[in-house]
Amino acid sequence: MEFHYLARGITYVNGQILLARQRGAINTFLPVGHIRNGESAEAALAREIEEEIGNKVIVKRFIGAVESTWKENELENHEINLVFEFTMPDIDWTTPPCSNENHLEFILAEPTELKKYNLQPYPLVKCIMNWKDNYNCFWGSTINQYT
């Protein structure tokens, strides 16, 4: 089994959410960073987004957590996602930011379009739909029963 400890970020600009996608993929995801040993979740998120987009990131409040499992090439994967609000004050939001990494692209999407963009892990759709008005932490999981 492969374990992933991740920090994901939500930014809401001009009524839209920033999503990322591997070029050619059918699903999207929130900007994300693997958390390294000895690194805080906030630092991991800021580091990864700054590497991918090239702009300064301000990580704000904690939104919640989502766990997810999936199988890829017969390998079981399990991830824990810590989700934070973030801003990038020095970016022009008239178009999606360009990626510094050739395999990655960014999309600006209306919150009502998240299912259309196949946002993964899917509990993030509910998290995003509630986070602006709800100051309680969110918990979501793709695991349907206790093991």
Side-chain angles (χ1 to χ4, degrees), residues 2-72 77-145:
E2 188 76 22
F3 179 74
H4 308 273
Y5 183 39
L6 305 168
R8 292 192 186 267
I10 300 172
T11 191
Y12 188 75
V13 180
N14 300 328
Q16 298 180 311
I17 303 289
L18 180 66
L19 303 177
R21 176 171 49 204
Q22 298 283 345
R23 292 193 188 276
I26 61 170
N27 64 292
T28 61
F29 51 91
L30 292 176
V32 62
H34 277 85
I35 302 168
R36 297 175 179 163
N37 286 336
E39 182 178 44
S40 72
E42 296 97 326
L45 182 62
R47 173 183 49 77
E48 283 287 340
I49 295 173
E50 287 175 17
E51 288 173 7
E52 292 166 355
I53 297 176
N55 288 77
K56 179 84 172 136
V57 173
I58 299 170
V59 178
K60 297 179 133 188
R61 70 182 172 101
F62 177 70
I63 304 299
V66 172
E67 69 179 350
S68 181
T69 61
W70 75 97
K71 196 176 219 177
E72 184 176 353
N77 288 270
H78 187 105
E79 68 183 20
I80 300 294
N81 298 276
L82 303 179
V83 185
F84 296 86
E85 177 183 7
F86 76 94
T87 61
M88 287 189 294
D90 298 328
I91 196 164
D92 174 13
W93 286 105
T94 56
T95 60
C98 292
S99 175
N100 291 333
E101 299 178 7
N102 291 336
H103 69 282
L104 192 62
E105 64 184 337
F106 292 97
I107 301 161
L108 291 171
E110 299 287 331
T112 56
E113 299 178 309
L114 297 175
K115 287 183 182 177
K116 176 182 106 174
Y117 281 104
N118 193 22
L119 180 65
Q120 296 297 319
Y122 67 82
L124 287 170
V125 173
K126 185 176 180 183
C127 176
I128 291 170
M129 296 307 289
N130 294 317
W131 77 279
K132 288 298 281 181
D133 300 321
N134 186 351
Y135 288 94
N136 296 321
C137 288
F138 176 84
W139 169 254
S141 178
T142 64
I143 302 169
N144 294 324
Q145 54 185 276

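In what follows, every heavy atom counts, from backbone to side chain, and hydrogens, waters and symmetry copies are set aside.
- Annotation: side chain to side chain donor-acceptor pair (under 3.5 Å) contacts of Ser68 (sequence neighbours excluded): Thr142.
- You'll find the side chain of Val66 stays beyond 4.5 Å of the side chain of Tyr122, heavy atoms only.
- Listed by first and then second residue, the salt bridge (Lys or Arg N to Asp or Glu O under 4.0 Å) pairs involving residues 3-13 are Arg8-Glu79 (not counting sequence neighbours).
- Sorted pairs that involve residues 35-55 and meet ring pair (Phe, Tyr, Trp, His ring centres under 6.0 Å), not counting sequence neighbours, are lacking altogether.
- Within the 4.5 Å cutoff, the side chain of Leu18 has no heavy atoms near those of the Ile91 side chain.
- Shortest non-hydrogen contact noted between Pro111 and Leu114 is O-CG, 3.2 Å.
- Evaluation of the side chain to side chain donor-acceptor pair (under 3.5 Å) rule for Thr112 yields no partner, not counting sequence neighbours.
- You'll find the side chain of Val59 stays beyond 4.5 Å of the side chain of Ile49, heavy atoms only.
- For the pair Asn100 and Gly54, the tightest heavy-atom approach, listed with the atom from each and the gap, is ND2-N, 3.4 Å.
- The side-chain hydrogen bond (donor to acceptor under 3.5 Å, both in side chains) pairs that include a residue from residues 46-60 are Glu39-Arg47, where partners are two or more places apart or lie in different chains.
- Counting heavy atoms from C-beta on, the side chains of Leu82 and Leu6 never come closer than 4.5 Å.
- To the nearest 0.5 angstrom, Ile53 atom CD1 is 4.0 Å from Met88 atom CE.
- Residue Leu45 comes nearest to Ala7 through the heavy atom pair CD1-O, 3.6 Å, listed as atom of the first residue, atom of the second, then distance.
- Not counting sequence neighbours, Tyr117 has no partner by the ring-ring contact (aromatic ring centres under 6.0 Å, His included) test.
- Remark: His4 pairs with His34, Trp70 by the ring-ring contact (aromatic ring centres under 6.0 Å, His included) rule, at least two apart or across chains.
- With sequence neighbours left out, the side chain to side chain donor-acceptor pair (under 3.5 Å) criterion links Asn37 to no other residue.
- The two residues Leu19 and Ala109 make their nearest non-hydrogen contact at CD1-CB, 3.8 Å.
- With sequence neighbours excluded, the residues satisfying salt bridge (Lys or Arg N to Asp or Glu O under 4.0 Å) with Glu113 are Lys116.
- At a threshold of 4.5 Å between non-hydrogen side-chain atoms, the residues Tyr12 and Ile128 do not count as touching.
- For Gln120, the side chain to side chain donor-acceptor pair (under 3.5 Å) criterion is met by Asn118, not counting sequence neighbours.
- Pairs engaging residues 10-25 under the salt bridge (Lys or Arg N to Asp or Glu O under 4.0 Å) rule: Arg21-Glu105, Arg23-Glu105 [sequence neighbours left out].
- Two residues are said to be in side-chain contact when any heavy atoms from C-beta on lie closer than 4.5 Å; Ile80 and Phe3 meet this criterion.
- Residue pairs satisfying the ring pair (Phe, Tyr, Trp, His ring centres under 6.0 Å) criterion with at least one member in residues 81-105, sequence neighbours excluded, are listed as follows: Phe62-Phe84.
- Here the closest non-hydrogen pair linking Phe106 and Pro97 is CB-O, 3.5 Å.
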